[in-house]
Structure formats: C-alpha cells, structure tokens
Amino acid sequence: MYMEIKQLIKQGFSQTKIAEKLGVSRSTVHRHLKKSPSEMAEWVESLKRQKRKLDPHQELILSWLRMHPDMSAAQVYDWLLEKYEDMNIGESTVRTYVKDLREEYMIKKETSPRMYEAIPDPPMGEQMQVDFGHTKQKTVDNKEVKLNFIAFVLSHSRHKYKEWLDRPFTTQDVIRAHENAFKWYGGMTNEIVYDQDSLIVVSENGGDLILTKEFQNYKESRGLNLRVCRKADPESKGRIENVVGFIKQNFAKHRVFHNLDAWNEQGWDWLNRTGNFKIHNSTKKRPVEVFLLEKQHLKPVHKKIDFQNNYVSSITRCVHKDNTIRFESNRYSLPLGTYNKLEKVCVKETEDKELIVYIHDTGEIIARHMIPEGKGQLVKDRKHSRDRTKGVPAFINTVAEKFENKELAFQYLEKVRKKNPRYIKDQLQIILRETKDSNSDVLNKALAECLKRNLYSATDFGDIIAYVKRQRQGIETALGNKKEIKPLNKLSEWVLETNAHKREINSYTALMEVK
C-alpha cells in the first residue's frame with residue numbers, strides 16, 4: 001500500500017482520490033506519506049512481533065515445558081491461575097501461546113504411546129461384543145433426523161447384527177434388541193462385552209458390577225455372563241468399534257431416511273449383502289461362512305421372556321414444581337401435588353408412541369400421554385388441571401339466598417358468570433357486599449332494573465343499588481311529615497299567628513299608571 005500511494009502521488013492523484021481508489025481513509029494516506037521508506041520498513045517489522053499478553057510469563061512457561069515436555073496447555077493454564085490468582089486470560093489464548101512456543105523453541109510434546117499386542121480370536125461361541133452409535137441422516141424433504149442404533153458382533157466369525165431407532169434407546173429397547181439378536185444368531189455366546197453405558201451399568205465398582213435394576217433382572221433371567229470395558233478404553237473392544245464405524249460409513253452415509261421400518265429393513269438387507277458377506281480384512285474370510293460353523297457352538301435360547309411386560313424403561317425424570325416432567329424436548333403434565341410427594345418418576349415409551357409415567361417403587365401409573373411429533377410442546381391432560389369451577393355453584397347459591405326472589409337472582413348471577421367467567425368469584429364478592437348494606441326492597445328493585453337493562457356486572461349492580469337508594473331518599477324527603485316550628489320565646493308566638501293583608505295586583509298596576 002505504501003508503494004502504491006507513492007506511485008499514485010507521482011502520477012498526480014490527490015490524497016482524497018488515492019483514498020477512494022485504495023478503499024482507505026484519507027488520514028491513512030496522509031500518515032503513510034509522512035513516513036520515509038526506512039521508517040515504513042521499521043514499522044512493518046514491528047508488526048511481525050506484537051507484544052502478547054503472556055510475554056511477561058514466557059520464561060516461566062518455557063521452564064515448565066522444558067522440564068515437562070509432555071505437559072498440556074490445559075495444565076499450563078491451571079498452573080498460571082494457581083500462581084497468579086488475579087490473572088484474567090482465556091484458556092484458548094494459553095493454548096495458542098504454548099503451541100507457538102513449542103514451534104519457536106522446538107520443544108516437542110512427548111507422548112506415552114500405548115503398547116499393542118496381537119491376540120488370537122476367542123474360540124467359537126465364546127464372545128459377543130455390543131455397542132451403540134448414532135448418525136444424522138437427510139430425510140426425503142431434506143430435513144435432518146438423528147438415528148440411534150445398537151450393534152452386535154460375534155468375536156470369532158465377525159458376524160454382525162444391528163437395530164435402529166429414531167429416538168434414544170431405553171433399557172427395554174436394549175433388552176428387546178438382545179432377544180432379537182439371539183434369534184438372529186440362533187443362540188448366545190458364553191460372554192458378552194459391553195461399554196459402560198448408563199442403560200446397562202450403574203458402576204464398575206472395582207469389578208463387582210452394579211447394573212441397572214431392569215438389566216440386572218434380565219441378566220439373571222437369561223443367565224448372561226457380562227464383561228464391561230474400562231472407562232475411556234474403547235480399544236479393548238475393537239471389533240465392535242470397527243463394526244460401528246463400518247455401519248456409519250458403508251451403510252448410513254449418504255443414505256436417505258424415509259421411515260424407521262424401511263430403514264431397518266434396508267439395514268438387514270445390507271447385513272446379508274455386505275456386512276456379513278464381504279471378506280473381512282483381518283480374517284480374510286466371509287463372516288457368513290465362518291458363522292455357519294460358529295453357530296453350532298452357541299448356547300441355545302429356549303426360555304422365552306415376556307420382557308414387554310416384565311421389563312420397563314429405566315429412565316427416570318425429575319418432577320418440576322409446576323408438576324411436569326421433560327421427555328424428548330417436550331413437557332408432560334402430572335397430577336396436581338405430584339411435586340410435593342415425589343422427586344422423581346419413571347417413564348416408559350410404548351410402541352404406540354404413548355408415554356406412561358409411573359412410580360418406581362409401586363409401579364402405579366400416574367399419567368399417560370400420547371407423544372407428539374414436534375418439540376417444545378406442553379402435553380397436558382385436562383384431569384391434571386386445577387378445578388377452577390369448584391365452589392362457584394355453591395357461592396352463587398349463597399349470594400342468591402340474600403334475595404327474596406331466589407330463582408330470579410340465581411338466573412341473574414348465572415348470566416354474570418357467563419359474561420365474566422374468569423372473575424366470577426370477584427363479581428360475587430362485590431354483589432354479596434352490596435346485599436349486606438341494602439334492604440330487600442332495594443335489592444329487589446335493583447335486580448329487576450339490572451335484568452331490564454341487561455346489566456350483568458357487579459359494578460353495574462352496585463351503581464343501580466346507589467341509584468335506587470338516591471331515588472328513595474328523594475321521595476321520602478318530598479312525602480315526609482312537616483315538622484312543627486317552635487318559637488324562640490313566648491313573645492314571638494303572635495308573629496306566627498299573624499296573617500298579612502293581601503291586595504289584588506290591579507291596585508299596584510293602577511298606582512304605576514298614575515305616575
């Protein structure tokens with residue numbers, strides 16, 4: 001830019017035209033022209049090395065990195081906060097600064113690579129591995145949907161099975177998938193390997209596994225022998241990890257989702273066509289061919305378990321103070337008072353898209369809702385609402401009793417209720433107050449006047465009451481008895497008895513004519 005400005009000045013352009021041509025401010029052009037080429041070079045060089053926020057701590061950070069080459073940027077950030085409590089800096093700034101220091105001073109980060117050893121495949125019928133996965137697929141209307149799947153693989157033959165859902169798995173879904181997998185294979189293995197999934201495992205507990213209640217019951221009924229991998233150690237079950245990746249990349253990728261049934265059918269066709277037919281890269285054999293031999297070593301599954309009724313979802317939900325629970329991005333109502341009695345409830349989703357809410361200890365069902373298609377909705381049962389009409393009929397009868405014509409008063413109050421349903425109790429309170437301050441005659445006349453004029457409001461009723469009272473006061477004043485006038489003293493009594501002489505008007509007009 002500096003050279004361009006110099007050239008344009010030589011060509012005779014003004015500073016304003018140069019600023020317009022280069023898209024900069026006129027002050028920038030003026031500032032550049034004031035600098036000599038050497039001053040400009042020094043300024044450009046200074047930009048290459050701007051002062052950074054962590055420069056005052058560079059030697060300290062370098063000493064840490066040299067002493068501990070495997071030190072992470074996150075740990076450097078923590079040590080800085082520990083040493084300088086008032087330091088205000090972001091972790092990303094530290095991460096960038098440490099990365100630049102490693103490159104500038106050639107301090108490579110040391111790692112402790114994991115040692116791997118090839119182990120032979122387990123015997124036929126010995127082991128099965130299970131894991132979960134999810135993908136995001138495009139639908140026919142170009143929307144995005146999240147799909148979840150559970151995958152099984154026999155460790156010897158690499159024979160696979162999988163099931164998909166368009167919602168998160170529950171323990172009941174996992175149990176159903178196991179039963180379907182055993183049916184697919186025609187038996188089960190001596191050992192099943194799992195990740196530490198919350199639907200199955202509560203805690204590793206030093207080897208004494210604590211399973212979820214439902215899966216523990218299923219394990220005991222089916223006689224399963226489980227082995228759970230350590231946390232953050234997916235490579236200990238590498239066969240199923242490879243299967244999950246294979247499903248995502250070979251089956252699901254770029255495939256358009258129509259509906260769940262069609263998707264699962266396409267998945268099973270893919271297993272027969274590719275997943276179990278394609279020659280495996282490690283064994284160099286087709287899983288379907290090896291499976292024909294391994295199938296003979298599987299343990300038979302004779303006993304049929306009615307898991308649909310005996311094993312329910314282990315998903316629990318917290319009860320909120322407005323007596324609702326949240327499930328799948330929607331809110332569902334519970335009976336009034338549930339929040340005061342229960343902290344958590346269990347939920348079960350049926351195949352008919354019905355959500356059943358029940359108490360875990362007793363199994364008592366407290367709510368049933370149909371699951372809507374959208375999200376962010378409040379699904380409410382009318383039975384779970386407060387009965388806002390409770391007591392209103394009794395209140396109307398109480399107010400109507402204050403009138404002589406109770407039936408007519410009842411009709412009037414019902415019309416007030418119809419006009420003001422939300423404030424009917426407030427309306428009745430005002431009318432009741434008016435009945436206490438007025439006699440029956442005033443009430444009867446006000447009631448008749450309100451019905452005549454179609455005034456169905458408590459304030460209107462009060463206004464008519466006041467009008468009737470004023471009218472009655474005027475009549476009583478006009479028709480009231482005259483009071484006897486008492487003289488101040490006895491001497492003035494003759495004044496009261498005196499009658500003034502009255503003349504005809506003609507006498508006065510005659511006098512005026514004379515003048």
Side-chain angles (χ1 to χ4, degrees), residues 1-3 24 28 31-32 35-119 129 131-136 146 193-198 201-207 209 227-249 253 281-282:
M1 182 185 293
Y2 177 77
M3 297 306 298
V24 296
T28 300
R31 189 170 58 251
H32 280 34
K35 294 179 182 177
S36 65
S38 58
E39 291 174 337
M40 194 66 187
E42 290 177 4
W43 180 72
V44 171
E45 187 63 28
S46 68
L47 293 178
K48 295 180 181 178
R49 179 58 180 171
Q50 290 183 337
K51 188 175 181 180
R52 303 170 75 176
K53 199 170 185 179
L54 286 171
D55 281 347
H57 312 289
Q58 178 178 328
E59 291 302 323
L60 178 62
I61 297 174
L62 280 174
S63 67
W64 289 344
L65 295 177
R66 285 167 177 156
M67 187 178 299
H68 310 289
D70 61 338
M71 194 175 194
S72 66
Q75 193 173 16
V76 171
Y77 175 68
D78 179 67
W79 283 22
L80 286 170
L81 293 180
E82 183 179 15
K83 191 173 182 64
Y84 306 102
E85 294 182 359
D86 298 333
M87 177 175 283
N88 183 18
I89 195 167
E91 187 174 354
S92 59
T93 303
V94 177
R95 192 182 305 116
T96 304
Y97 192 77
V98 169
K99 179 176 176 292
D100 293 342
L101 286 183
R102 286 188 180 277
E103 292 177 356
E104 184 177 352
Y105 292 91
M106 300 179 67
I107 304 174
K108 292 185 178 181
K109 185 175 181 180
E110 292 183 359
T111 58
S112 301
R114 185 174 183 175
M115 302 301 293
Y116 295 93
E117 178 185 359
I119 58 174
Q129 296 185 2
D131 201 3
F132 298 88
H134 69 270
T135 63
K136 291 185 177 180
K146 183 178 179 180
V193 181
Y194 297 94
D195 200 355
Q196 292 197 30
D197 192 276
S198 59
V201 181
V202 176
S203 172
E204 193 175 7
N205 195 31
L209 299 177
R227 180 164 70 84
V228 177
C229 297
R230 295 293 183 93
K231 286 186 178 180
D233 189 20
E235 293 172 321
S236 60
K237 52 179 179 60
R239 293 179 181 85
I240 190 62
E241 294 290 340
N242 290 334
V243 169
V244 169
F246 188 33
I247 292 171
K248 290 181 178 180
Q249 297 299 320
K253 193 173 183 180
N281 190 48
S282 297

[atom2] on [Y] to [atom1] on [X], rounded to 0.5 Å:
X: Leu54; Y: Tyr77; atom1: CG; atom2: OH; value: 10.5 Å
X: Glu241; Y: Asp131; atom1: CD; atom2: CG; value: 5.0 Å
X: Ser72; Y: Arg95; atom1: OG; atom2: CZ; value: 10.0 Å
X: Met40; Y: His32; atom1: CE; atom2: NE2; value: 3.5 Å
X: Arg66; Y: His68; atom1: CZ; atom2: NE2; value: 13.5 Å
X: Gln75; Y: Leu65; atom1: CD; atom2: CG; value: 10.5 Å

Set of side-chain contact (heavy atoms from CB on, under 4.5 Å) partners for [X], sequence neighbours left out:
X: Thr93; answer: Ile89
X: Ser63; answer: Leu60
X: Glu82; answer: Trp79

With sequence neighbours excluded, residues passing ring-ring contact (aromatic ring centres under 6.0 Å, His included) with [X]:
X: Phe132; result: Phe169
X: Tyr2; result: none
X: Tyr105; result: none

Exercise: identify the closest heavy-atom pair between [X] and [Y]:
X: Met87; Y: Leu81; result: O-CD2, 4.0 Å
X: Asn88; Y: Lys53; result: O-NZ, 2.7 Å
X: Val244; Y: Gly133; result: CG1-CA, 4.4 Å

Report the residues that fulfil side-chain hydrogen bond (donor to acceptor under 3.5 Å, both in side chains) with [X], sequence neighbours left out, ordered by chain and then residue number.
X: Ser92; value: none
X: Asp78; value: none
X: Lys99; value: Glu103
X: Glu85; value: none

After noting the C-alpha distance and the side-chain angles of Thr96 and Arg52, does the key distance pass the side chain to side chain contact (heavy atoms under 4.5 Å, CB included) rule? CA-CA 11 Å; Thr96 304; Arg52 303 170 75 176; 4.1 Å; yes
Any donor-acceptor pair under 3.5 Å from Gln129 side chain to Ile240 backbone: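 Looks like yes, one N/O pair under 3.5 Å.
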Just do the side chain to side chain contact (heavy atoms under 4.5 Å, CB included) check on His134 and Lys146 with the steps written out, would you? CA-CA 7 Å; His134 69 270; Lys146 183 178 179 180; 3.6 Å; yes
Does any donor atom in the side chain of Asp55 or Tyr97 lie under 3.5 Å from an acceptor atom in the other side chain?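 Side chains of Asp55 and Tyr97: pair found under 3.5 Å.
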Do the non-hydrogen side-chain atoms of Leu80 and Ile61 ever get within less than 4.5 Å of each other?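 Yes, their side chains come closer than 4.5 Å.
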Can you check whether Lys108 reaches Arg102 side chain to side chain, under 4.5 Å on heavy atoms?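 No, every pair of side-chain atoms sits at 4.5 Å or beyond.
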CA sep, side-chain torsions, deciding dist, call: Ile107, Leu62, side chain to side chain contact (heavy atoms under 4.5 Å, CB included): CA-CA 9 Å; Ile107 304 174; Leu62 280 174; 3.9 Å; yes
Evaluate side chain to side chain contact (heavy atoms under 4.5 Å, CB included) for Leu101 paired with Val98, printing each intermediate quantity in order. CA-CA 5 Å; Leu101 286 183; Val98 169; 5.6 Å; no
